[in-house]
Visitor: 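Sharing a structure with you now.
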There are 6 protein chains.
Amino acid sequence: MPIVQIDMIEGRTEEQKRSLARNITDAVVESVSCKPEVVKVIIRELKKEHYAEGGVLYKDR
Amino acid sequence: MPIVQIDMIEGRTEEQKRSLARNITDAVVESVSCKPEVVKVIIRELKKEHYAEGGVLYKDR
Amino acid sequence: MPIVQIDMIEGRTEEQKRSLARNITDAVVESVSCKPEVVKVIIRELKKEHYAEGGVLYKDR
Amino acid sequence: MPIVQIDMIEGRTEEQKRSLARNITDAVVESVSCKPEVVKVIIRELKKEHYAEGGVLYKDR
Amino acid sequence: MPIVQIDMIEGRTEEQKRSLARNITDAVVESVSCKPEVVKVIIRELKKEHYAEGGVLYKDR
Amino acid sequence: MPIVQIDMIEGRTEEQKRSLARNITDAVVESVSCKPEVVKVIIRELKKEHYAEGGVLYKDR
């Protein structure tokens, strides 16, 4: 704890995910003064047909 | 905001997902009087071996 | 199943939540042809200090 | 209700998931005295590049 | 990891939550052969006006 | 999108939440090259009796 869950559209590289996990962890540690090792980060990738804004699938934009 | 997350068993067509996103957005707009473009919809598809009711996997029903 | 989770800023009336649950259920039934009784709806209310867009808390907008 | 969501690293067998659903349901029934059939269990499998502890992807450990 | 999130209607005693956390952890350990200390359990309590089945709020049942 | 959900034990100050939202948004923007305004951050505070590690409630540690 803290546990961070990130939903984002699929397609990022493994390196982007690596830096996302590191940067998010640093951001949490800096903001709430906890140790890095207690921060858990979950990345959930979404297909473009599984996310919509304004009622329109991302795939149809 | 609002952000809507829907968990459902995999197997629906893309057209069903399209109408799900549109209909859910309309339902939220009608109920809480917000603008359509602020409504986000996330669809999460589950394999039948990843959902259980009464302790029994959907796959085994 | 399907299970719908809605995150929204606190402050809506009970009647708005009642119609949100009903309208969301109807939207799901219409879109994916399931029975109403299998649709579960969870409403999560968020304080304005617990939601941010563009790095700015809703409370500070 | 109750609805249980479990995030875990991918790789478990179908039999492990079967017993996870059964054991979790029994645990909930025993703890909060509800009927088994009202307990829903969702299993979410994560790739090793989608989970991090201490800022390090599970894949890089 | 594994991380377990449980949504349930508010009203259970602290002792029921204590046993829920213990029993859920035991169930996960037994099913997927992990160590107890890696299992995280999050309990989310819902007001009866924040959960619906079949389009009807739990509060109105 | 991306949408970030953070679960943490209650008790942080409003200023800590303000900086958490800002720092998390910066971290996402830097890692996956998206615009700040598309990043949504949800903070969920947990009571100590609603989080457990190793089967023990945080309240009992």
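We name chains A, B, ... by the order of the sequence lines, and we start the count at 1 in each one.
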Visitor: For a quick test of reading the model, state the closest non-hydrogen atom pair linking Val28(E) to Leu20(D) and the distance between them.
Guide: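 So the minimum-distance heavy-atom pair works out to CA-CD1, 3.9 Å.
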
Visitor: Just so I know, are the side chains of Ile6(E) and Ile3(D) near enough to count as touching, which here means a heavy-atom distance under 4.5 Å?
Guide: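 No, their side chains stay 4.5 Å or more apart.
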
Visitor: Using non-hydrogen atoms and a 4.5 Å limit, figure out which bit of Leu46(D) sits close to chain E: side chain, backbone, both or neither.
Guide: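 Contact with chain E: side chain only.
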
Visitor: Which N or O donor-acceptor pairs, by atom type, sit under 3.5 Å across chain D and chain E?
Guide:
unit_1   : atom_1 : unit_2   : atom_2 : d
Ile3(D)  : N      : Asp7(E)  : O      : 3.0
Ile3(D)  : O      : Asp7(E)  : N      : 2.8
Gln5(D)  : N      : Gln5(E)  : O      : 2.8
Gln5(D)  : O      : Gln5(E)  : N      : 2.8
Asp7(D)  : N      : Ile3(E)  : O      : 2.8
Asp7(D)  : O      : Ile3(E)  : N      : 2.9
Asn23(D) : ND2    : Ser31(E) : OG     : 2.9
Ser31(D) : OG     : Asn23(E) : ND2    : 2.9

Visitor: If you take all heavy atoms of Met1(D) and Met8(E), which pair is closest and at what distance?
Guide: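 Smallest heavy-atom distance, with atoms named: SD-CA, 3.2 Å.
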
